[in-house]
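Both ligands and their constituent atoms are indexed starting at 1 by order of listing. This one's a predicted model, so the numbers in the text were calculated from it and none came from an experiment.
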Amino acid sequence: MDWIARDAAVVWHGFTQMSCFGANEPLIVERAEGHELIDTEGRRYLDAISSVWVTTLGHRVRELDEAIVRQLGAVAHSTMLGNGNTIVVELAEALAEVVPVERPHFMFASDGAAAVEQALKIAFQYWLNLGVTGRQAFLAVGGAYHGDTIGALSVGDESFESAAFDPLRFDVLRAPGYAEPGWATAAAQLVAEHAEDLAAVVLEPLVQGAAGMQIARPDDYGILDQACRNHGVLLVCDEVATGFGRTGTLFASERCGLTPDLLCIGKGLTGGYLPMSATAASSRVYEAFLGEDLGPRTFYHGHSYAGNALAAAVALRHLRLLEERDVLANVRARSRELRTLLEQRITPLPAVAEIRSEGLMAGVELHTGTPGERRGRLVCAHAVRNGVLLRPIGDVVILVPPLSITSAELMQIVDALSEAITAVTAQQAPVSA
Ligand SMILES: *Cc1c(COP(=O)(O)O)cnc(C)c1O
């Protein structure tokens with residue numbers, strides 16, 4: 001039996017209709033080198049989506065491999081519940097130096113959704129601990145994506161094919177999305193109107209990735225930030241996608257002038273090596289949880305693999321490597337090149353409605369084709385056949401290359417994309433959106 005058949009016989013893939021899994025020509029990865037994934041037939045694919053936004057410096061990075069091997073010689077995992085681990089302390093100390101959060105404490109978890117879930121529960125209990133009743137609601141932004149657990153789904157937008165779970169969602173105040181001019185003013189107004197009910201505002205600073213790369217202007221955020229401060233509403237920044245240099249600064253909050261009360265990090269934290277996420281709480285929030293042992297102010301929440309030592313070791317080495325290799329400079333230079341390439345080569349194609357990019361996150365929105373055409377999927381499948389791994393969100397082709405991508409590789413990605421759009425739309429009469 002081939003690998004695809006063996007896979008389909010026993011594995012259930014996320015966000016995937018399994019009846020079509022094999023027909024959609026999935027890549028079954030056997031190993032990887034640098035920015036390339038290598039399949040069971042030895043074919044190589046340039047990973048232009050960074051394994052859905054987690055890989056930062058590519059695969060089998062010597063320093064990162066070594067950090068894990070070294071930690072294996074000490075301990076792989078020990079619990080964070082009431083006890084600690086030296087490598088986790090070192091990681092938290094290093095993160096505390098760089099996150100845009102005032103005197104942070106880090107609660108670790110394994111997935112981005114869990115980091116968001118923790119932030120929501122911390123924000124909720126914060127007000128209870130202060131003896132304030134009624135501050136139980138959340139305000140979130142149109143188009144938001146915060147993960148797939150129930151709380152994260154609730155603050156997330158109702159799109160993303162998740163309507164089946166509507167009965168499980170709690171109600172959220174919804175501000176307009178980033179594409180709407182004046183979204184931030186409207187959000188700030190909602191904060192003022194509902195201040196007495198609001199525990200926190202939750203947002204993805206600068207870029208909403210899963211919304212198909214919707215981008216806000218950095219100076220949009222001032223008015224909303226001010227409204228939160230005026231009314232004491234907590235601000236939660238979800239930087240699971242934008243953190244660790246993706247948009248050209250270590251955190252997008254810096255660009256937006258935001259110092260959140262709670263910050264969620266994940267994806268790039270370990271360079272894409274191991275599952276680890278964290279919720280960073282400011283001293284304002286953290287101190288509201290201090291009280292007597294086993295008392296009601298305690299945050300009764302924690303995951304079994306939180307603060308995994310192997311993940312912490314690779315995350316710490318990765319953070320240092322970002323600096324040693326001046327990775328942010330590469331992100332800024334390559335993001336300008338990517339923008340120019342997209343404008344010159346992709347924007348003029350008749351099938352392309354819009355391109356949006358910020359740092360090394362880009363979305364190429366195609367005009368919707370004929371009903372049932374699945375144009376985004378066809379374009380990406382074509383690129384994959386030409387050795388560039390792409391994945392769409394609907395009819396938006398997503399480009400999220402590793403932060404260490406080179407000029408030549410960007411050219412290869414844009415060549416493959418241009419070729420794919422042209423080939424796919426030549427077979428179908430172009431239909432305007
Ligand atoms: C991916 C993502 C999440 C969820 O992270 P998982 O690790 O997939 O649970 C949350 N928020 C944002 C902004 C994301 O991009």
Side-chain angles (χ1 to χ4, degrees), residues 13-16 49-56 99-100 107-123 138 140-162 165 169 172 177-178 200-216 221 235-247 251-253 255-256 258 260 262-280 303 305-306 308 311 314-315 356 358-363 391-394 396 398-400 403:
H13 294 265
F15 283 99
T16 302
I49 51 169
S50 297
S51 286
V52 188
W53 323 350
V54 301
T55 311
T56 56
V99 295
M107 175 164 284
F108 290 95
S110 304
D111 292 287
V116 170
E117 210 72 36
Q118 291 180 161
L120 298 176
K121 287 177 71 179
I122 291 169
F138 292 90
V141 182
Y145 177 79
H146 297 291
D148 293 330
T149 55
I150 301 294
L153 264 189
S154 298
V155 286
D157 195 271
E158 280 137 40
S159 48
F160 308 110
E161 311 293 338
S162 61
F165 304 111
R169 289 181 143 107
V172 163
Y178 290 170
V201 168
V202 185
L203 55 82
E204 296 156 273
L206 202 58
V207 184
Q208 291 178 327
M213 302 301 166
Q214 293 294 341
I215 296 164
Y221 292 91
L235 177 65
V236 180
C237 282
D238 176 356
E239 293 230 32
V240 171
T242 50
F244 300 95
R246 222 350 109 194
T247 69
F251 295 96
S253 295
R255 285 273 300 286
C256 304
L258 298 173
L262 290 155
L263 174 76
C264 307
I265 54 179
K267 289 195 170 105
L269 170 58
T270 63
Y273 266 60
L274 285 168
M276 176 178 250
S277 66
T279 312
H303 293 284
Y305 277 100
N308 177 263
V314 72
R356 297 181 287 270
E358 185 64 59
L360 286 175
M361 305 179 88
R391 218 185 118 77
I393 297 177
V396 182
I398 300 297
L399 306 178
V400 180
L403 306 185

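- Evaluated for a side-chain contact (heavy atoms from CB on, under 4.5 Å) with M361, the options V207, I215, L399 yield exactly one hit, V207.
- Side-chain contact, T242 with E204: no donor N or O sits under 3.5 Å from an acceptor N or O.
- The salt bridge (charged side-chain N to carboxylate O under 4.0 Å, His left out) test applied to E358 returns R255, not counting sequence neighbours.
- Residues satisfying the ring pair (Phe, Tyr, Trp, His ring centres under 6.0 Å) test with F108, not counting sequence neighbours, are none.
- Heavy atoms from other residues, nucleotides or ligands lying under 6.0 Å from CZ of R356 number more than 12.
- Listed by chain and number, W53, D111, G112, A113, Y145, H146, G147, E204, D238, V240, A241, K267 each place a non-hydrogen atom less than 4.0 angstrom from ligand 1.
- Taking F244 as the reference, F251 meet the ring pair (Phe, Tyr, Trp, His ring centres under 6.0 Å) condition, with sequence neighbours excluded.
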